[in-house]
There are 2 protein chains.
Amino acid sequence: MPKTSQAAGLHRASLDKLHDLDAALELMYYGWRGMTLEADDYLARQGLSRPHHRILYVVARRPDIAIGALIEILGISKQALNRPLGLLLERKLLTSKRSPEQHRSKLLRLTVAGQRIEQKASDHERKVMRAAFDRAGASGAAAWMAVMGAIADSN
Amino acid sequence: MPKTSQAAGLHRASLDKLHDLDAALELMYYGWRGMTLEADDYLARQGLSRPHHRILYVVARRPDIAIGALIEILGISKQALNRPLGLLLERKLLTSKRSPEQHRSKLLRLTVAGQRIEQKASDHERKVMRAAFDRAGASGAAAWMAVMGAIADSN
DNA sequence: GCTTCATGTCAACTATGTTGACTTGAGATG
DNA sequence: CATCTCAAGTCAACATAGTTGACATGAAGC
């Protein structure tokens with residue numbers, strides 16, 4: 001099931017560059033894949049995947065978040081959230097309780113098991129980033145973040 | 001410009017950071033989204049999407065590529081390739097001809113219309129990268145590429 | 001009471017991918 | 001010639017991640 005990482009995506013540096021920025025496009029693709037590959041593998045072994053991780057990641061950083069706010073942050077429809085969220089609740093990685101005074105909203109929170117999985121999955125990603133930053137040095141890391149910030153804010 | 005780009009993914013900078021590298025994880029996510037957003041939008045208006053663009057991108061840089069080699073490079077199964085490839089052929093964005101001597105393989109090539117769409121979609125992505133690189137300067141761009149290369153090669 | 005409205009759920013659909021099993025057609029080889 | 005191989009293509013069943021539309025629920029307001 002885990003594909004050989006060689007065939008997982010564009011084969012690095014095997015394509016002619018038609019434009020000077022083609023290398024950057026391919027690096028973005030490979031970089032995204034490279035950062036998420038191990039984490040996705042780990043998640044798959046837990047019977048989970050990227051959307052589940054996204055939910056866990058956000059809830060870990062916003063305990064007692066309401067479902068509506070989570071939908072906003074994830075940028076998906078509430079219907080799309082429904083199934084992965086249901087699985088996480090069923091697997092008891094998340095708890096949902098109604099707030100006493102705000103009885104309309106359900107508040108989400110990670111269980112200890114959910115915290116463990118969120119942390120392990122994110123750790124795989126952070127490990128990749130840490131290794132790359134170590135090789136690039138502090139100034140390289142800062143430059144990387146500046147460029148990524150510019151790209152992220154370009155819309 | 002720093003508009004609170006509401007539902008387009010994680011809301012920038014709105015989450016607490018549990019680890020010092022969380023900002024990097026989020027930047028990778030936003031960066032990928034930021035680079036591809038306009039291109040995906042353009043593709044959607046053409047009735048196409050990311051997998052179609054990936055095919056066009058590779059074939060543009062490897063004219064007369066065989067289907068088997070394309071599968072290798074894209075890292076997907078031939079069945080998964082089948083539908084998007086069929087659409088591109090039907091829309092006459094790609095041609096497929098059997099090679100004279102290697103009669104077993106079909107060789108793929110972009111039509112003029114296919115070249116145009118590939119170029120326009122990739123242009124959207126290059127435009128985003130160019131703007132970010134311009135803001136970061138040549139050394140920043142080089143640092144970005146070094147970090148991304150390290151991430152890409154980490155598997 | 002009855003309506004309003006945010007929240008949440010269910011159903012049907014689309015798209016992209018996966019395996020597995022099979023066919024087709026040309027090349028190579030006994 | 002017969003047959004085996006191999007790239008390509010097809011068909012079916014399924015998983016996952018997303019979409020809209022329709023509907024249920026429940027606190028709040030008239």
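Just so it is clear: chains get the letters A, B, ... in the order the sequence lines come, proteins before strands, and each one is counted from 1.
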OP1 or OP2 of C/dG17 versus the side-chain N and O atoms of B/Arg54: is any pair under 4.0 Å? yes
Rounded to whole Å, please give me the gap between CG in B/Leu89 and C1' in D/dA8. 13 Å
Given atom CD of B/Glu72 and atom P of D/dA8, what is their separation to the nearest angstrom? 11 Å
With sequence neighbours excluded, tell me which residues meet salt bridge (Lys or Arg N to Asp or Glu O under 4.0 Å) with B/Arg126. A/Asp22, B/Asp123
From CG of A/Leu43 across to P of D/dA17 the rounded distance in Å is 10 Å
Distances under 3.5 Å between protein N/O atoms and the N/O atoms of nucleotides 20-24 of chain D, please, pair by pair.
residue, atom, partner, partner atom, Å
D/dG21, O6, A/Gln79, NE2, 2.7

Who passes side chain to side chain contact (heavy atoms under 4.5 Å, CB included) against A/Ala69, sequence neighbours left out? A/Ile65
4.5 Å side-chain heavy-atom contact, B/Thr95 and B/Leu108: no
Regarding B/Arg61 and A/Asp16, does a basic nitrogen lie under 4.0 Å from an acidic carboxylate oxygen? no
Is B/Asn82 near enough to D/dT10 that one of its side-chain N or O atoms lies under 4.0 angstrom from OP1 or OP2? yes
Expressed in angstrom and rounded to an integer, what is the separation of A/Ile76 atom CD1 from C/dG8 atom P? 14 Å
Output all residues satisfying salt bridge (Lys or Arg N to Asp or Glu O under 4.0 Å) with B/Arg50, sequence neighbours left out; order by chain, then residue number. B/Asp40, B/Glu125
Given A/Lys127, A/Arg33, A/Lys120, A/Arg45, the one that forms salt bridge (Lys or Arg N to Asp or Glu O under 4.0 Å) with A/Glu38: A/Lys127
Interatomic distance, A/Leu70 CG vs C/dT7 P [rounded to whole Å]: 13 Å
How many whole angstroms separate atom NE2 of A/His53 from atom C1' of D/dA17? 17 Å
Provide, to the nearest angstrom, the distance between the CZ atom belonging to B/Arg50 and the P atom belonging to C/dG17. 11 Å
Quick check: does any side chain N or O of A/Thr111 sit under 3.5 Å from a backbone N or O of A/Leu93, one acting as donor and the other as acceptor? yes
What nucleic acid atoms does B/Ala66 come within less than 4.0 Å of, heavy atoms only: base, sugar-phosphate, or nothing? sugar-phosphate
All N/O pairs under 3.5 Å across the protein-nucleotides 13-16 of chain D interface:
none

Separation of A/Ile55 atom CD1 from D/dA17 atom C1', in whole Å? 11 Å
Any idea how A/His124 and A/Tyr42 line up, ring-wise: parallel (<30°), tilted (30 to 60°), or perpendicular (>60°)? tilted
Qualifying residues under salt bridge (Lys or Arg N to Asp or Glu O under 4.0 Å), relative to A/Asp134, sequence neighbours excluded: none
